[in-house]
Protein chains: 2
Amino acid sequence: MSSARSSENQKSGVAFLLTQVGAHAAFQFAERLETLKLDPAHAGILRAINAENGLSQRELAKLMGMFPSRLVLVLDELEKAGLIERKASAEDRRTHMLHLTARGKETLQNIGRIAREHQDAFCAALNASERETLAALLSKLAAHHHLTPGVHPGYRKL
Amino acid sequence: MSSARSSENQKSGVAFLLTQVGAHAAFQFAERLETLKLDPAHAGILRAINAENGLSQRELAKLMGMFPSRLVLVLDELEKAGLIERKASAEDRRTHMLHLTARGKETLQNIGRIAREHQDAFCAALNASERETLAALLSKLAAHHHLTPGVHPGYRKL
DNA sequence: TATTGTTATACTCTATAACTATA
DNA sequence: TATAGTTATAGAGTATAACAATA
């Protein structure tokens, strides 16, 4: 056996590969999003508001796993960019129901396009069958860990 | 076709699954590391110093993709914990050669054990064959994106 | 009194810029 | 002068606490 020592290739385990490749994918997606002057948190919030129209800020914060006070600032940005609206509820005037504007829906479609471009580029080394296999294995892991579909774990301590 | 609207399951693409599952794996590994009072950056640095003994701080910073000034503080912590040593070089007394102490090597083995436990728990939903398949696909992606084996991309803008 | 959204405060984190000591 | 490591400064990000409006 060769000399060992120095740069011993302790082949990375699959769990480490997941964090490594996953972080790289996240970074590249964020880079692409910059063309829309958005970051991943913006994209996730737009997606959530579209999926569940009329959400309150409290509900959205809980869904996204972030503090309501932090959400306020992000929504301020999105509202200033004309992508969402806060509409006071008729029944309870404390709550703000969140909606996408027409421009917000348009932006959401652009995000979808960017996500597809990102995916194609990132998985260029895999053929269609391999991508399906990978997706199936990851879905199994995601389900096992009860990850909410479409929601990136932001992980601030609760 | 059923009613659509609200919570339309726009099935996550494989790229998103990667970032989602990867972030979750990273989080759970970090949690486990807390039992050693270390964080993932510490673990990566110990691993790098062990692999390439006598590294200078400059070289290590470049390898890890972090700023030398930030590395100083992390190394301070590791040195205070008795896991590494800075030894002044004989040839160039400006540079500090980095080494693991006996306790550092011991800790590195504990990290390895924790990493294996983490991997087993995280991949519990997959059988041995599926894990191999997943590792192979991820390795292919990692190679395609020129990710350094064993180094987590910290991604501060350079 | 309890709850929604907001604002304010305090704390952490870290990139950049000085600084020192060697070369 | 140039480089290795260190320290200092400043700015961004954000969790917690306080607050105002409504219930």
Side-chain angles (χ1 to χ4, degrees), chain A residues 23 26-27 30-31 33-34 37-45 48-49 52-80 84-99 152-158, chain B residues 23 26-27 30-31 33-34 37-45 48-49 52-80 84-99 152-158:
Chain A
F27 177 74
E31 264 190 340
L33 268 186
E34 281 179 12
K37 297 187 174 153
L38 295 175
D39 62 35
H42 293 134
I45 286 171
I49 293 176
E52 204 76 39
N53 221 314
L55 223 53
S56 78
Q57 294 189 193
R58 224 71 188 186
E59 292 165 335
L60 179 57
K62 184 164 190 181
L63 178 64
M64 305 294 293
M66 64 195 292
F67 285 91
S69 60
R70 182 173 179 269
L71 181 58
V72 169
L73 303 175
V74 182
L75 292 178
D76 284 348
E77 293 170 1
L78 291 174
E79 193 169 39
K80 193 152 64 180
I84 66 154
E85 277 178 340
R86 290 167 160 114
K87 296 206 293 191
S89 164
E91 301 120 19
D92 183 341
R93 282 185 315 196
R94 289 175 304 181
T95 70
H96 292 174
M97 303 191 312
L98 301 170
H99 300 270
H152 187 283
Y155 290 126
R156 38 229 112 239
K157 68 200 55 158
L158 315 173
Chain B
F27 177 73
E31 263 190 341
L33 268 186
E34 282 179 11
K37 296 186 175 155
L38 295 176
D39 62 35
H42 292 133
I45 285 171
I49 293 176
E52 203 77 41
N53 221 314
L55 222 55
S56 79
Q57 295 190 192
R58 224 72 190 187
E59 292 164 335
L60 179 56
K62 185 163 190 181
L63 178 64
M64 305 294 295
M66 64 197 293
F67 286 92
S69 61
R70 182 173 178 269
L71 182 57
V72 170
L73 304 176
V74 182
L75 291 178
D76 284 349
E77 293 170 0
L78 290 174
E79 196 170 36
K80 193 153 63 179
I84 67 154
E85 277 177 341
R86 291 167 161 115
K87 295 206 292 190
S89 166
E91 302 122 19
D92 184 342
R93 283 186 314 197
R94 290 175 304 182
T95 70
H96 291 175
M97 304 192 311
L98 300 170
H99 300 271
H152 187 282
Y155 290 126
R156 36 231 112 235
K157 68 199 55 156
L158 315 173

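The structure displayed is predicted, hence computed values, not measured ones. Each chain gets a letter, A, B and so on, in the order its sequence line appears, and its residues count up from 1.
Using a 4.5 Å cut-off on side-chain heavy atoms (C-beta onward), M66(B) and V74(B) make contact.
With hydrogens and angles ignored, a donor-acceptor pair closer than 3.5 Å exists between the side chain of S69(B) and the base of dT16(C). Below the 3.5 angstrom threshold, one finds a donor paired with an acceptor across the side chain of R58(A) and the base of dG5(C).
Checked against dT7(D), dA2(C), dA15(D), the side chain of V72(B) finds its nearest nucleotide in dT7(D). Nearest nucleotide to the side chain of S56(B), out of dG5(D), dA15(C), dA21(D): dG5(D). Nearest nucleotide to the side chain of D92(B), out of dG5(D), dT6(C), dT22(C): dT22(C).
Using a 4.0 Å heavy-atom criterion, one finds that R93(A) contacts the sugar-phosphate atoms exclusively.
Rounding to the nearest 0.5 angstrom, the gap separating the CD1 atom in I84(A) from the CD atom in E77(A) is 10.5 Å. Here L98(B) contributes atom CG and L78(B) contributes atom CG; the two are 10.0 Å apart, rounded to the nearest 0.5 Å.
Rounded to an integer number of Å, the gap from CG of L71(A) to C1' of dT14(D) is 13 Å. In this structure, CZ of F67(A) is placed 17 Å from C1' of dT4(C), rounded to the nearest angstrom. Put simply, NZ on K62(A) is 15 Å from C1' on dT4(C), counting in whole angstrom units. The distance from atom CZ of R86(B) to atom C1' of dT6(D) is 9 Å, rounded to the nearest whole Å. Rounding to whole angstrom units, CG of residue L60(B) and P of dA4(D) are separated by 14 Å. When the C1' atom of dC13(C) is taken as reference, atom CG of D76(B) falls 16 Å away, rounded to whole Å. Between the CG atom of D39(A) and the P atom of dA12(D) there is a distance of 15 Å, given to the nearest Å. Distance, L55(B) CG to dG5(D) C1': 14 Å, rounded to whole Å.
Only one option out of M97(A), H96(A), K62(A) pairs with Q57(A) in a side-chain contact (heavy atoms from CB on, under 4.5 Å); it is H96(A).
Considering every non-hydrogen atom in both L60(A) and A48(A), the closest pair reads CD1-CB, 3.8 Å.
Of the residues near DNA chain D, L73(A) and A90(A), the one whose nearest nucleotide (by heavy atom distance) lies more toward the 5' end is L73(A).
Contact annotation: R70(B) side-chain N/O to dT14(C) OP1/OP2 distance is under 4.0 Å.
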